[in-house]
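What follows is a set of notes on a single structure, which appears directly below.
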Amino acid sequence: MSSKETFNQISPSEFFYRNRDLAGFSNPTRSLYTAVREFVENSLDACDHSGILPNIHMTIKAVDPEKPDPKQYILTVKDNGPGIPSKHVPLAFGTVLYGSKFGLKQARGMFGLGATMAILYGQITTNKPVKVKSNADGKTRFDFEMKLDIQKNKPVIMKKQETPSTEQGLSVSIVLDGDYAKAGTKIRDYVYQTSLITPYATITFDDPKGEKFHHKAIIRSMPPAPTVIAPHPYGIDVETIRRMLVDTHYQIPNVDDKMIEKVRKELGMSKKKFTYDEIMKKTEKKWKSLTRPVRVVISLMSFLEADFEKLQRIRIEDVDLRNNKLTYWDYSTSQTLVADMDVESPYYKQLANTVQGESLTHFLNKRFQRVGPTAALEFCKFAKFKPETRIGNMTDQELVKLSDALQTYEGFRSPDPTCLAPLGDGPLEKGIERRFEPDFMAVVQRTASAYSGFPFVIEMGIAYGGKIETRGTTVYRFANRIPLLYDEGSDVVLKVVKDTDWNRYKVKNDSAPLIIVSHICSTRVPYKTVGKENVADRPEIEKELRLALQFLSRKLSGYMSKKGQAEMAKKRANLYSKYLPLVAQFCTELSGNKKEPNYKQMIKEEIAINNAGENKEVEKNG
Amino acid sequence: MAKKVTKKVTKKVDKKEKIDKSKKLINLLKNHGAQVYEDLENGEFPKFSIPNRSISNIIYDKKLRQYILGTNTSLRSARNSSQLRSFTQLLWLAFFANKLTHEKKSSTLRDVYYSSQAFAIDFEDQQESDNIIVDLEAVLSQPREDFYVFPEERSSIFGDLTIEYTIPGYEGKTQNLSSHPDGYAIGPSMTSAQLADTSAELVIAIEKGGLFTRFVEEQVDKKFKSIIINTGGQAPRSTRTLLKRLHDEMGLPVVILTDGDVYGEHIAMVIKSGSANAAHLKGLTVPDAKWMGVWATDIDKFKLPTIPMTESDIKRCYDLLKDPRYQEGLWKRELEVFIKIKRKAELEAFSKYGLTNITEKYLPKKLEESKSY
């Protein structure tokens, strides 16, 4: 248990520093590749969620090109995304575990930790600061140079500068130890494959040797962005429920600019500056017409004696009903403060109600997908809970019971796939068509399915011949629009491809110019290893992959037999023109005749028959 | 004296037969050519009817005491695109055989393979051209030697036998086959020669070159009034033809001496009654030939040093047990003893008792014995 003690004593950044292997920063080769991935994926995610067609420019430059690898490289990734508001930049890039990706929706990265890890790794190996240039409003660009204080898990800003600029977006640049000689192939593959699965993105890569890899966007429309949705009851463990409960019964709204705007609007105090007293006075008048979140925010304001300006500077951290304490973080002074709560205050009741939580049925109905009011009641009957049980009062044992019941109850409908963002067969087809220019291709998007509560969708494409240069079956694996390049051996997709008997589909497996593109979209892709490079073989996923591949293989088989027939007909025609003259020559000599027999007409007729067959084929295709 | 007269008569008949045979063959080839010509002229796809050589169509003929083909035939048509190539190859071979027969020029199997390349016939390998040669044999019911195609030779002959060549450039020339101690290769000129005269009373076919040389050194030809033939393992068809002629035309009995194993026994059997491979041909067998040894029972009798049989040796034994020719007498008995002792002995094994043991002790004993079965 000593390790736990150690963990408790160190800051998150120190923990990650000590365990950086886990995040893919084990050696200069892997680290360079991982850093590239983290930054590019962050950029793509940001653009996706803001509905901006991504234009990403990556540069890797050696600090001293003459030195042998591994050596220091400058990695810069610049995008045209939404940028990050300047006040969030230090926290976003200067602390570990600060992230916005905690909801349940499909995204490339999970928590946004990777970028910080890359910065941390760069700082550890070169002691150089990270340079961040962010323009969130299309008016001003903020340039930061900063380092991470590993012990305190806090950003140390070394330089900050403002420049007027109309170019929205974010640029991050770090210096790190890397080995491009070894990582180069993977990085170029990564860039290429990313462009294949993100055909709406323009990706440019300037490599250290002065080569430029430019992958222009093929389509101008983006697939619809994934929506954030509640989790499905299956696949929920006790810990997740506990977190959800905490989250729910502390349903203190996030006091951001938007929220404050809402409060002002409902109070009718939008325009001017108001004092704390003025606000409270207005509140008493308007209380009945206020919405619940606004009531909660005002209750908080009452204990903090805060006006709108003060509210903007803080973040609520804890509402402790037992001790009547309210804890919050003050951005202006960068410290945690505590305020007492008066039990007698009418606002206390408002907060307490919120904190004690709602009824179990209400909680299930509101916090889970696919659980309607009736389903919630049915479930309570099944699990032997009173429907009106207050979730804030549930014991640990009850939580375990609840979690178990959620797994075993069979009445819930299957998970909702709207949180997924598959590429769609159109863009996938375009991507494959433009990148490979094959003779034949087909794509399929399976309907959504689920494995232990997590919805997923399989998309797959197959391409044959044309400008495909590889021989044998080449499989491009993607998960949530990320190319998977390492550890292919144990991947479920490859397993399914390997199991396929290609002879059945008239394909010569070892010599065919065949490409398979497989894309798994899920709110949680079941990776086998921490490295997130291969997908585990869950039976539900394997089944969907198999069905997708079978569908495509049958289409390919149809094409192959048509192609085979055409080739055969041509071959036949060639055979006759080659051998019949010989037959004529030999039999003439053998029989002692002087003139060759009149056989030429036979060849003509044979070719005519074949041509007729081919023309028919063309018409059918047309 | 009477014997000699018979021989002279045989000779004349033989010469005439030879010419007839040649003419017959040329006619046969011409007819096939004319049929193909006619088909083409009529705008029809020509075809050959080839006796089916698959296992199911091979029958053992008890009367002939050899394997023969049944009545099944398969068509090879120029219309069928998968047969067109082999049809052309077959016709080319007929054309080539016609040329050889006219010019009396011999060609080896390998020659055929290379000759084809001048005509864009593209045999993939010699195996393929060899198969086509067997096809033509089956179509014509004539051994390839008749159309002057021979295998590479590795068998040889030695002894007091005078032959008269018939091949171009040597016609009428005679040769006695005891003048060169290494023996004479049995090639096309030998098999086509007239058998003129001999003082021998016996033909000894022996499986191995080493023993052949020993027999010459030990003057087995003189001591036992014999012609010695080295079959070089499984006897080639030209050698079997020669053995048959020595037996039929000169009236000489044939005895066979092989290693004491299942393969040796079968070498003797093939000389006696032919092989399944050549079931489409007749006139290659010497039904009266006798396997003199080494028998499985000899191994114990003569206390020969042995080596254990391999898996495949034993499997071969069981395979032959199913063969109709191994169902009785000596053949069955020895095979069963081999299976029982699971050991084998080579001809050289006699050297344990001195190099001349085989010729001085074993051979006379077995020759004496052979008169009684």
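Per chain, numbering begins at 1; letters A, B, ... match sequence-line order.
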Side-chain touch [X]/[Y], heavy atoms, less than 4.5 angstrom:
X: A:Y576; Y: B:S81; result: yes
X: A:F586; Y: B:I121; result: yes
X: B:V36; Y: A:S591; result: no
X: B:K30; Y: A:L590; result: no

If you tally heavy-atom pairs under 4.5 Å against chain A, which of B:K99, B:E41, B:E44 wins?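 If we count pairs closer than 4.5 Å to chain A, B:E41 comes out on top.
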For the atom pair [atom1] ([X]) and [atom2] ([Y]), what is the distance rounded to the nearest 0.5 Å?
X: B:L40; Y: A:T588; atom1: CG; atom2: OG1; result: 8.0 Å
X: A:L582; Y: B:R85; atom1: CG; atom2: CZ; result: 12.0 Å
X: A:E589; Y: B:F96; atom1: CD; atom2: CZ; result: 12.5 Å
X: B:T88; Y: A:Y579; atom1: OG1; atom2: OH; result: 6.5 Å

For [X], look at atom [atom1] and say whether over 12 heavy atoms of other residues, nucleotides or ligands are found less than 6.0 Å away.
X: B:E103; atom1: CD; answer: yes
X: B:Q117; atom1: CD; answer: yes
X: A:K430; atom1: NZ; answer: no
X: B:E171; atom1: CD; answer: yes

Trace of the side chain to side chain contact (heavy atoms under 4.5 Å, CB included) decision for A:L580 with B:F45: CA-CA 9 Å; A:L580 279 188; B:F45 284 93; 4.2 Å; yes
Residue part contacting chain B, namely of A:Q585, when any heavy atom lies under 4.5 Å: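 The side chain, not the backbone.
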Residue A:K578 versus chain B: region with a heavy atom under 4.5 Å: side chain
Looking at A:N593, A:L575, A:N598, which makes the most heavy-atom pairs under 4.5 Å with chain B?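 The answer is A:N593.
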Which pair of non-hydrogen atoms, one from B:G33 and one from A:C587, has the smallest distance, and what is that distance? O-CB, 3.6 Å
Of the backbone (N, CA, C, O) and the side chain (C-beta and beyond), which part of B:F87 lies under 4.5 Å from a heavy atom of chain A, both, or neither?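 Only the side chain of B:F87 comes within 4.5 Å of chain A.
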